[in-house]
Amino acid sequence: MAPGSSRRNARSRTSSSTEANDGGDNSLGNAKPRRRDRNKDQNSIRILNVDIKILLGISVLAFFVILLLIRNLIIRPAGKAQRPRISFSWFQFQGEHRESLYWGTYRPHVYFGIRARTPRSLVAGLMWIGVKDGMYHMRHVCQDSDELNTYGWTQHNGRDFGHQVLVDQGLKLTTSFLKSKSEGSGYGGDWAVQIDVQTDKPELDNEMLRHGHLFFYLADESGHVLSLAGDNLDTDKNSLLASGSRSDIGDWQLHLKSKEVLELHYSGFRTPHIHNLSDLVQHNLGAQVRKFGQLLLSDSSEDSPNILVFQISANIPFKADIAFVSGTKVKTSKVKERVSRLTGASLTSLLQDMQTEFDVKFERCFNVADKLEPDSTIVGKAAIANMLGGIGYFYGQSKISIPENSSLGFHVPCSVWTGTELYTAVPSRPFFPRGFLWDEGFHQLLIWRWDVHICLDIIGHWLDLMNMDGWIPREQILGSEALSKVPEEFVAQYPSNGNPPTLFLVIRDLLDGMEKNKFTATESNGITSFLERAFVRLEAWFQWYNTTQKGKEMGGYYWHGRDNKVTRELNPKTLSSGLDDYPRASHPSDEERHLDLRCWMLLAANCMQSITQLLKNDNKPEKEYGSTAKLLSDFDMLNQMHLHPFVGAYYDFGNHTEKVRLSWKETRVGTRELVREVLEQPVPRFVPHIGYVSLFPFMGKIIPSDSWILGKQLDLISNSTVFWTDYGLRSLSKTSSMYMKRNTEHDPPYWRGPIWMNMNYMILSALYHYSKEDGPYSDRARVIYDDLRGNLIRNVVRNYHQTGFLWEQYDQKKGKGKGARLFTGWTSLVLLIMAEAYT
């Protein structure tokens, strides 16, 4: 089966169990197979005396056994995992920079989690017991089924501070994170967490709501033993909870302080896995409830625990401060002073200072005070805070699908890249808490404006995922915690398939910013140094697209990975384009010309040419990129290949028929299923669907400002039967035969009508551009721009204040948020729309 043929859309692949057992790590118990002694001479004699039929039978059996062994050795390369990558040494991300970002809230998939940017880290996190429908429920991993009223970062600077509010029915938790580097600290410094527990229903005389239970834990992924401060924890006498030692940070201690009366209990565990920690805690609590009728941890520990969980219980409201200090065995460590500074009134004061600093920097970076109402400013701050607070660090194996090997007669599912690490933002903490290549370019449009050093570091990590062919896997599912969120069949990545190279959007912004002196001299030098170091990777990436995704005609490109043998999809999906079920040619073939990919290639070629000019490389690559950019920006060629002259709209081209439908068909077991039915032979033609893809030449600002075609694009954008709604531009025209059609029995429309913020941002950017250009359409472009910008901001702000979340997409009929909620990836571009900061 071709890749993607049985997949749902790329944004619906969530494991049914958020904390399913991994089952893939046998490092603690790999049994060696027994060896049998055999007498070669004796065996030889028996073979000579055997009947020829038996000999043939043994030969056939041996062939299949050998075949099976070969297959298992290839499929499961346990001791010889492939790693066809060469990691760079990004010198500018070492030293002080690396240490300053060592600790962080880099576990976006949990409600609150801390780890270091190292493969096997000491990790920390928070659980709590929520109450719903009169029952207790454990909260830990972000999941929509928990039905929290709202949660997310209201402030976060991406480095050493974050403030988050979580509302769980009648319970309100505030978690604040602070990092500190002072005299005596170990590598990466110290950190503190302040947890404030309140209730918005104090009038309820309900013991379940009056008493709060928090569970703060430390877990060492390397398996180092964590030492408990004592069997009977009493923070009134001694604030120390636990201690330990690691090679990266030295000796460390964990302290707890509070003004309130706290009841403390603990449990210790020894396990190589932490992704199922919720289950361990719940099993411990369950056993205690059954034995003693108390919802308290057992105050016991397994031998040599690498996980310690501390239960903090108290009457609501209460507040607890937790301080982690490193380098504690150094004579000048001043542990007592550091703990005092990171708890109590001192911590509260430091957090207040950081909140003020965040607000000042927010205005300095985005300059929206005179453009927004207060309710919109709240949403803007939440957008950047959740983008920064959603940055994670991931480490693990990347599974890569290997093309079918006809010589062996079977398909080898995947090889493994070991030692893969990634520092990246994520689209959604509950639904997609991992790296997505084409999302990341949009993420970085915000992040570079806040902290260009973090931006470059993230881009560098993505470029380090490149193989020797120049290919980057489009989705990164690294580590047991990330794998627990994704069904196994969707883990492997396909090296023939690309993804929009949106990182070039950021690079174009950075190049433009340097040209316009938006950066300090130090920042500009850092960007130039980065591009110089990254050039060989960027060049390989460009060449991979320019060779593997090239079409039959000069200047034509098409996304690989579409399945031409589908039987259940109305229109074969194009997952590699990022637009999943957006309608393309009904019959995939190498004759296709995909308009959006052509425009992405023009962006990439322009960027590569600009980089070669900046770096003053030899003229050969500059001329090559210049000639490619010139070819792809040829307006007449573009129109010849993609423009329908009578409609004035741009289309894909391919082997297509409109007469395709899904019909119910009886199966052998007496049930029905929807199957694809083709009613006429396809022919090479334009694919007559007007939608986001049609506007890519407009988004790319390729159309001359005085061209009649520009006027046609404005007509389509402002037409309520095509793109226009009161909430933003819909993804597919109402006139399309695929508008709001399901792609399979189980796949609702995704890019076939709903409003998406990333495309609306790019369209707004083009409208803003054309409104500034001399030409007959500038005034009209400005009017449409103002109306569209206002509609988008109003709708996102309204939804946020009504629901407490930013959403993955928005309904084109009523503007209601749809899809994943707490989608703080590219929906956060609403902040750049507010700031009128365009690419």
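Side chains are part of it too, since the values below use all heavy atoms of this structure and drop only hydrogens, waters and symmetry mates.
Side chain to side chain, Arg159 and Ser100 meet the donor-acceptor criterion of an N or O pair below 3.5 Å. With hydrogens and angles left out, the side-chain atoms of His453 and Asp457 include no donor and acceptor closer than 3.5 Å. Between the side chains of Ser480 and His273, not a single donor N or O lies within less than 3.5 Å of an accepting N or O. In summary, the side chains of Thr105 and His156 do present a donor paired with an acceptor at a separation below 3.5 Å, with no hydrogens or angles considered. No donor-acceptor contact under 3.5 angstrom links the side chains of His275 and Ser484, judged on distance only.
Residues Glu475 and Arg434 are paired through a salt bridge, judged by an N-O separation under 4.0 Å between the basic side chain and the carboxylate. By the 4.0 Å N-to-carboxylate-O rule, Lys132 lies close enough to Glu147 to be salt-bridged with it. A salt bridge links Glu488 with Lys399: at least one charged nitrogen is closer than 4.0 Å to a carboxylate oxygen. Residues Asp190 and Lys181 are not paired through a salt bridge, judged by the lack of any N-O separation under 4.0 Å between the basic side chain and the carboxylate. Ion pairing between Arg107 and Glu481 holds under the 4.0 Å rule for side-chain N and carboxylate O. Ion pairing of Arg798 with Asp375 is absent here, as no side-chain N (NZ or NE/NH1/NH2) approaches a carboxylate O to less than 4.0 Å. Salt bridge present: Lys381 and Asp359 bring a charged side-chain N and a carboxylate O closer than 4.0 Å. By the 4.0 Å N-to-carboxylate-O rule, Lys816 lies too far from Asp811 to be salt-bridged with it.
Ring centroid separation for the pair Trp826 and Phe442 comes in under the 6.0 Å cut-off. Here Tyr217 and His140 bring their ring centres to under 6.0 angstrom of each other. The aromatic ring centres of Tyr761 and Tyr838 sit less than 6.0 Å apart. Taking the six-membered ring for Trp and the full ring otherwise, the centers of Tyr151 and Tyr111 sit less than 6.0 Å from each other. Residues Phe358 and Trp450 place their aromatic rings such that the two centres sit under 6.0 Å apart. The distance between the ring centers of Trp103 and Phe324 falls below 6.0 angstrom.
The cationic group of Arg752 does not satisfy the cation-pi geometry with Tyr582, failing either the under 6.0 Å distance to the six-membered ring centre or the 45° limit from the ring axis. Cation-pi geometry between Lys818 and Trp807 is not met at under 6.0 angstrom from the ring centre and within 45 degrees of the axis.
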>> side-chain hydrogen bond (donor to acceptor under 3.5 Å, both in side chains) for Tyr692 and Asn760? Distances and angles first, verdict last.
In response: CA-CA 9 Å; Tyr692 285 159; Asn760 273 268; 3.2 Å; yes
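Side-chain contact between Thr424 and Phe436 is absent, with no heavy-atom pair separated by less than 4.5 Å. Within the 4.5 Å cutoff, the side chain of Thr175 has no heavy atoms near those of the Gln194 side chain. Between Leu806 and Met757, every side-chain heavy-atom pair lies at or beyond the 4.5 Å cut-off. Between Leu285 and Met138 the shortest side-chain heavy-atom distance falls below 4.5 Å. Side-chain contact between Asn791 and Asn795: absent, with no pair of heavy atoms (C-beta onward) separated by less than 4.5 Å. With a 4.5 Å cut-off on side-chain heavy atoms, Phe362 and Leu831 count as touching. The shortest side-chain heavy-atom distance between Leu483 and Val491 falls under the 4.5 Å cut-off. In this structure, the side chains of Thr574 and Ser576 come closer than 4.5 Å at one or more pairs of heavy atoms.
Ring geometry, Phe112 versus Trp153: the interplanar angle falls from 30° to 60°, so the pair is classed tilted.
To the nearest 0.5 Å, atom CD1 of residue Ile307 and atom CG of residue Leu277 are 5.0 Å apart. Atoms CG and CG, from Asp321 and Leu342 in turn, are 9.5 Å apart once rounded to the nearest 0.5 Å.
Nearest approach of Ser267 to Asn284, heavy atoms of both residues: OG-ND2, 3.0 Å.
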